[in-house]
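See below for the structure under consideration.
Predicted model, so just to flag it, every value in this text is computed and none were measured. This chain uses plain numbering: 1 for the first residue, then up along the sequence. Basis for what follows: all heavy atoms, side chains included, without hydrogens, waters or symmetry-related copies.
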Amino acid sequence: MKKLIECVPNFSEGNDMNIIKQITNEIESVEGVRLIDVDPGKATNRTVVTMVGTPDEVCEAAFRAVKKAAELIDMSKHSGAHPRFGATDVCPLVPVANISMEETVEYAHKLAKRIGEEAGVPVYCYESAARTPERKNLAVCRAGEYEAVKDRIGTEQWKPDFGPAEFTPAVAKSGVTAVGARNFLIAYNFNLNTTSTRRANAIAFDVRERGRTLREGNPATGKIVTDEKGNPVMIPGTLKATKAIGWFIEEFGVAQISMNMTDLTVTSIHKAFDEVCAKAQDRGIRVTGSELVGVVPLKAMLDAGKYYLRMQGRSTGIADREIIKIAVKSLGLDELYPFDADKKIIEYILEDKDQKKLVDLSLTDFVNETASESMAPGGGSISAYMGAMGAALGSMVANLSAHKPGWDDRWEEFSDWAEQGKYYHSKLVHLVDEDTNAFNKIMDAIRLPKGTDAEKTARAEAMEEATKFATMVPFQTMELCLGSMDVAKAMAEIGNPNSVTDAGVGALAARSGVLGAFMNVKINAADLQDKAWAADIIAKGQAIVDKTIALENEIVAMVNAKI
């Protein structure tokens with residue numbers, strides 16, 4: 001489960017495309033990072049860049065870009081409509097997948113420290129990365145903008161978190177950078193069957209967190225009610241962590257509610273959609289569809305699809321692409337134009353489309369490739385594939401059981417089993433290619449130079465590390481295949497009786513996956529210098545084999561008794 005973060009640096013240059021290209025070239029030079037978007041603004045003289053990737057690589061790309069911006073942009077000559085105080089004005093990190101905000105904050109602090117020490121740019125940490133409460137708000141950190149940096153930077157209150165604390169000629173040129181960590185922001189629009197901006201605004205005020213001002217008498221034209229400090233009293237909306245407004249879209253001839261969602265853990269896409277639908281209906285208006293602007297994390301789409309599947313009383317243990325289709329149709333995301341998951345979902349954008357994978361071959365091509373003189377796929381990959389097919393059969397029986405007429409009250413029970421089966425077959429599909437990658441690592445180590453004693457030592461260490469990795473991959477296959485047999489057993493016992501043999505075949509396939517993978521564990525472990533580690537992994541593997549054989553016998557007996 002790869003950790004992914006997004007970084008959205010804002011550079012104080014929106015007119016000179018040569019400068020912008022030099023900065024983005026630094027980002028594209030880092031492997032493991034994908035440049036998603038470059039949005040220059042002439043009036044603001046500012047370019048917003050979006051990149052996504054694994055945390056260390058994103059931080060490296062961000063550092064290179066910030067350093068290059070400090071070299072190319074002279075803040076003493078900068079002007080623009082947007083508030084700014086540095087060549088790289090802000091550089092927020094955003095958790096996307098399999099990483100917590102706390103971890104993201106740690107990466108933000110490391111990046112800020114490096115920018116301050118190595119690039120010589122003063123840094124303030126803001127939002128979730130703020131080191132003091134008053135610096136959480138970016139506007140407070142940037143008060144007075146670049147023009148105020150000279151007087152503020154040397155004060156105790158506004159000494160930078162990292163980097164120079166004086167207004168040197170270099171700082172006068174680069175200005176100051178704010179490095180932060182914040183939640184992923186979703187720009188989400190709702191299409192209405194009206195052309196009225198006023199009515200769209202009314203719905204927006206109903207749902208957005210800030211809500212609307214309280215008025216005396218008429219809620220639209222009455223006198224605004226204020227508190228003891230003279231501030232307007234607000235009636236909060238129903239959706240936390242959202243901002244929204246109504247507008248008219250000339251291109252499509254409809255009114256929309258434009259919403260910014262600042263924390264998907266508080267308000268999800270599907271919750272926002274259903275709430276806007278409800279508030280629109282209260283006003284005699286219908287939401288005809290919606291539009292996601294920019295990119296979205298895979299989890300947000302899967303959560304939405306699973307939510308609507310559960311609303312229908314259907315199993316959620318189906319392929320991710322099918323779940324996404326349900327989300328797209330339920331949210332009306334394809335009303336204005338087709339929703340292309342490969343261009344809208346971050347994890348899919350990051351996939352290397354040029355990389356050839358065994359699992360992307362057709363069944364016929366996979367078999368033919370196996371039969372060819374090439375080394376891959378070998379026994380390890382085939383073991384993982386057999387296990388994946390076995391786990392998939394368990395999911396199939398669970399899904400059929402969830403959909404069986406007369407069993408509607410049990411759909412959730414079987415959906416849970418289908419989800420378990422999906423977990424195992426998804427992991428095993430990944431190991432099909434991972435086994436080949438493990439073999440390639442050994443070959444890479446073999447090819448290392450061995451002319452000197454130092455080279456021989458480095459080569460031996462690389463060989464040992466690669467061999468351990470090549471041993472652990474089939475061991476993981478064993479563990480996953482054994483785990484999937486719990487699904488096969490449950491489906492043989494309580495699943496749709498018409499599919500009991502499918503559960504049995506699933507168990508047999510998983511058992512073959514275990515035994516085949518164990519052969520690979522043993523042959524790879526035999527080459528290890530660390531004999532204690534090798535003996536331990538073989539002992540653990542034998543224990544898995546013993547459990548597998550016993551479970552296979554139990555499941556086969558159960559199946560035969562029902563045939």
Side-chain angles (χ1 to χ4, degrees), residues 7-15 39-49 62 65-67 69-70 73-94 101 104-105 108-109 111-117 119-183 185 209-210 226-227 229-232 234 241 243 260 262-263:
C7 182
V8 193
N10 288 212
F11 301 104
S12 295
E13 176 57 64
N15 295 283
D39 185 14
K42 291 187 176 181
T44 57
N45 199 13
R46 182 184 187 89
T47 296
V48 180
V49 172
V66 170
K67 188 170 183 284
I73 299 171
D74 187 348
M75 286 305 296
S76 66
K77 300 176 182 177
H78 182 274
S79 64
H82 197 287
R84 81 285 179 268
F85 65 171
T88 303
D89 189 53
V90 294
C91 188
L93 301 183
V94 183
M101 177 57 76
T104 306
V105 167
H109 288 161
L111 174 60
K113 186 173 187 289
R114 190 177 177 198
I115 291 171
E117 294 179 354
V121 176
V123 178
Y124 293 111
C125 294
Y126 75 106
E127 290 244 356
S128 295
R131 296 159 69 88
T132 56
E134 63 269 21
R135 296 190 181 186
K136 187 176 180 67
N137 189 328
L138 174 62
V140 174
C141 294
R142 197 166 54 191
E145 300 184 41
Y146 170 79
E147 288 72 19
V149 171
K150 182 178 181 180
D151 295 327
R152 296 179 96 208
I153 196 169
T155 66
E156 187 61 32
Q157 182 181 3
W158 289 107
K159 178 183 178 181
D161 292 301
F162 299 99
E166 55 182 331
F167 198 69
T168 64
V171 172
K173 181 172 180 290
S174 70
V176 178
T177 293
V179 174
R182 62 166 173 78
N183 286 305
L185 187 146
E209 181 173 14
R210 185 167 182 266
T226 58
D227 60 19
K229 295 182 179 180
N231 300 316
M234 303 300 296
K243 302 173 183 178
N260 280 344
T262 58
D263 191 343

With sequence neighbours excluded, tell me which residues meet salt bridge (Lys or Arg N to Asp or Glu O under 4.0 Å) with [X].
X: R46; answer: D89
X: K67; answer: E71
X: E156; answer: none
X: E13; answer: none

What residues form a side chain to side chain contact (heavy atoms under 4.5 Å, CB included) with [X], not counting sequence neighbours?
X: R114; value: E60, F63, E118
X: V121; value: A70, I115, A119, S174, T177
X: A143; value: R152
X: L138; value: V90, Y126, R142, A178

### Message
According to ring-ring contact (aromatic ring centres under 6.0 Å, His included), who are the partners of Y124, at least two apart in sequence or on a separate chain?
### Response
W158
### Query
side-chain hydrogen bond (donor to acceptor under 3.5 Å, both in side chains) with T226: which residues, sequence neighbours excluded?
none
### Task
With sequence neighbours left out, write down each residue that passes side-chain hydrogen bond (donor to acceptor under 3.5 Å, both in side chains) with H109, or none if nothing qualifies.
none
### Query
Is a salt bridge present between K243 and E209, judged by a nitrogen-to-oxygen distance below 4.0 Å?
no
Which heavy atom in [X] sits nearest to a heavy atom in [Y], and how many Å separate them?
X: V66; Y: T88; value: CA-OG1, 3.5 Å
X: V105; Y: A181; value: CG2-CB, 3.9 Å
X: R210; Y: M234; value: O-CE, 3.5 Å

### Message
Using a 3.5 Å distance criterion without hydrogens, assess whether the side chain of N45 forms a donor-acceptor pair with backbone atoms of S79.
### Response
yes
### Task
Please answer whether the main-chain N or O of G86 pairs with a side-chain N or O of S12 as donor and acceptor at a distance below 3.5 Å.
yes
### Query
Any side-chain heavy atom of P160 sitting closer than 4.5 Å to one from V176?
no
#### Entry: Of all pairs that satisfy salt bridge (Lys or Arg N to Asp or Glu O under 4.0 Å), the ones with a partner from residues 132-141, not counting sequence neighbours
R135-D161
